[in-house]
**Student:** 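Sharing a structure here in structure tokens format.
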Amino acid sequence: MYDDDADDEKRQRMLFLSQKYTSYETGLRICGMKIFDPATKSYIEFTREFGRSLKSYHLLPSFEYFFSTPHPIETTSVSDPNYILQQHVGKLKKHVLRKVVLKLTELIGVIRSCSVRLYSASLLIVYEGEDLEEDDRPIMKLIDFAHSHFEEEGAGSDEGAILGLNNLLEILQQIKNLTDE
């Protein structure tokens with residue numbers, strides 16, 4: 001949320017802001033999404049305002065929508081969080097979801113083994129929107145390291161980052177389990 005050098009005013013502001021978003025409860029927040037709609041050959045963009053207005057119960061359907069082929073819609077920009085709850089999820093891209101779950105599991109292991117602090121870092125997930133080959137490889141990268149730093153060896157892992165990544169992993173596993181039934 002904030003680095004060790006943040007003054008009290010910044011700490012209070014960051015705490016206040018996080019309490020308004022899903023990051024306070026879950027350690028994660030959707031900052032935006034772009035999903036390719038193969039029917040219209042265009043992108044559906046879920047804005048920053050969309051991400052800021054989400055509640056924790058919106059996260060699972062949002063990620064489910066992200067990892068599926070969208071049904072054609074009338075708009076190209078979404079800011080209303082209830083939009084996601086009203087949509088029918090298209091065909092889930094299970095092969096992409098499985099690979100993201102594996103990569104995320106590996107990432108959690110790496111972060112657990114490091115004495116690093118990832119204040120305000122982001123996880124970028126990209127995959128090919130058109131249904132191509134089964135071996136499509138999603139790209140998953142940690143980005144935005146402006147306030148991140150290494151701690152002394154033995155200081156332990158970043159529990160805030162692990163909380164967010166574990167919650168994301170749990171959400172993705174729930175989606176995967178729903179589709180495996």
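Atom set for the values below is all heavy atoms of this structure, side chains included, hydrogens, waters and symmetry mates excluded. In this text the structure is predicted, and so the values were computed from the model without any measurement. We're numbering straight along the sequence, starting at 1.
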**Student:** Show your working on ring pair (Phe, Tyr, Trp, His ring centres under 6.0 Å) between Tyr65 and Phe46 and close with a plain yes or no.
**Tutor:** CA-CA 11 Å; Tyr65 196 81; Phe46 292 80; 5.6 Å; yes

**Student:** So which heavy atom on Tyr21 is nearest to which on Arg52, and how close?
**Tutor:** CD2-O, 3.1 Å

**Student:** Might you point out which heavy atoms bring Ile171 and Leu60 nearest each other, and give the distance in Å?
**Tutor:** CG2-CA, 3.8 Å

**Student:** So, taking the atom named CG in Leu123 and the one named CG in Leu104, what distance separates them when rounded to the nearest 0.5 Å?
**Tutor:** 6.5 Å

**Student:** Regarding Ser115 and Glu153, do their side chains bring together a donor and an acceptor under 3.5 Å, going by distance alone?
**Tutor:** no

**Student:** Quick check: is Phe150 connected to Ile108 through a chain of hydrophobic side chains (ILVMFWY, heavy atoms under 4.5 Å apart)?
**Tutor:** yes

**Student:** If you look at every heavy atom in Ser122 and Asp144, which pair is closest and at what distance?
**Tutor:** OG-OD2, 2.8 Å

**Student:** Go through the structure and list residues passing ring-ring contact (aromatic ring centres under 6.0 Å, His included) with Tyr127, not counting sequence neighbours.
**Tutor:** Phe66, Phe67

**Student:** Apply side chain to side chain contact (heavy atoms under 4.5 Å, CB included) to Leu124 and Ile139, showing your working.
**Tutor:** CA-CA 8 Å; Leu124 174 69; Ile139 297 168; 5.9 Å; no

**Student:** State the CZ-OG distance between Arg112 and Ser157, to the nearest 0.5 angstrom.
**Tutor:** 6.0 Å

**Student:** Using a distance-only test with no angle check, is there a side-chain donor-acceptor pair under 3.5 angstrom linking Ser62 and Glu64?
**Tutor:** no

**Student:** Measure the CZ-NZ distance between Arg98 and Lys176 for me, rounded to the nearest 0.5 Å.
**Tutor:** 7.0 Å

**Student:** How long is the span from the CE atom in Met33 to the CZ atom in Arg48, to the nearest 0.5 Å?
**Tutor:** 14.5 Å

**Student:** So which atom in Thr22 and which in Arg29 form the shortest heavy-atom distance, rounded to 0.1 Å?
**Tutor:** OG1-CA, 3.4 Å

**Student:** Rounded to the nearest 0.5 Å, what separates atom CD1 in Ile111 from atom CZ in Arg117?
**Tutor:** 11.0 Å

**Student:** Please report the shortest heavy-atom distance between His149 and Tyr119, naming the atom on each side.
**Tutor:** CE1-CE1, 3.5 Å

**Student:** Using atom types as modelled and distance alone, determine if a side-chain donor or acceptor of Asp37 lies under 3.5 Å from a backbone N or O of Ser42.
**Tutor:** no

**Student:** Are the side chains of Val100 and Met140 in contact, using a 4.5 Å heavy-atom criterion?
**Tutor:** yes

**Student:** Is Tyr43 close to Glu45 at the side-chain level, that is, under 4.5 Å between some pair of heavy atoms?
**Tutor:** no

**Student:** Donor-acceptor pairs under 3.5 angstrom involving side-chain atoms of residues 162-169: please list them, not counting sequence neighbours.
**Tutor:**
from   : atom 1 : to     : atom 2 : distance (Å)
Asn166 : ND2    : Ile162 : O      : 3.4
Asn167 : ND2    : Thr26  : O      : 2.6
Asn167 : ND2    : Leu163 : O      : 3.3

**Student:** Going only through I, L, V, M, F, W and Y residues with side-chain contacts under 4.5 Å, is there a path from Phe63 to Leu102?
**Tutor:** no

**Student:** Can you tell me how far apart OG (Ser23) and CD1 (Ile30) are? Round to the nearest 0.5 Å.
**Tutor:** 12.0 Å

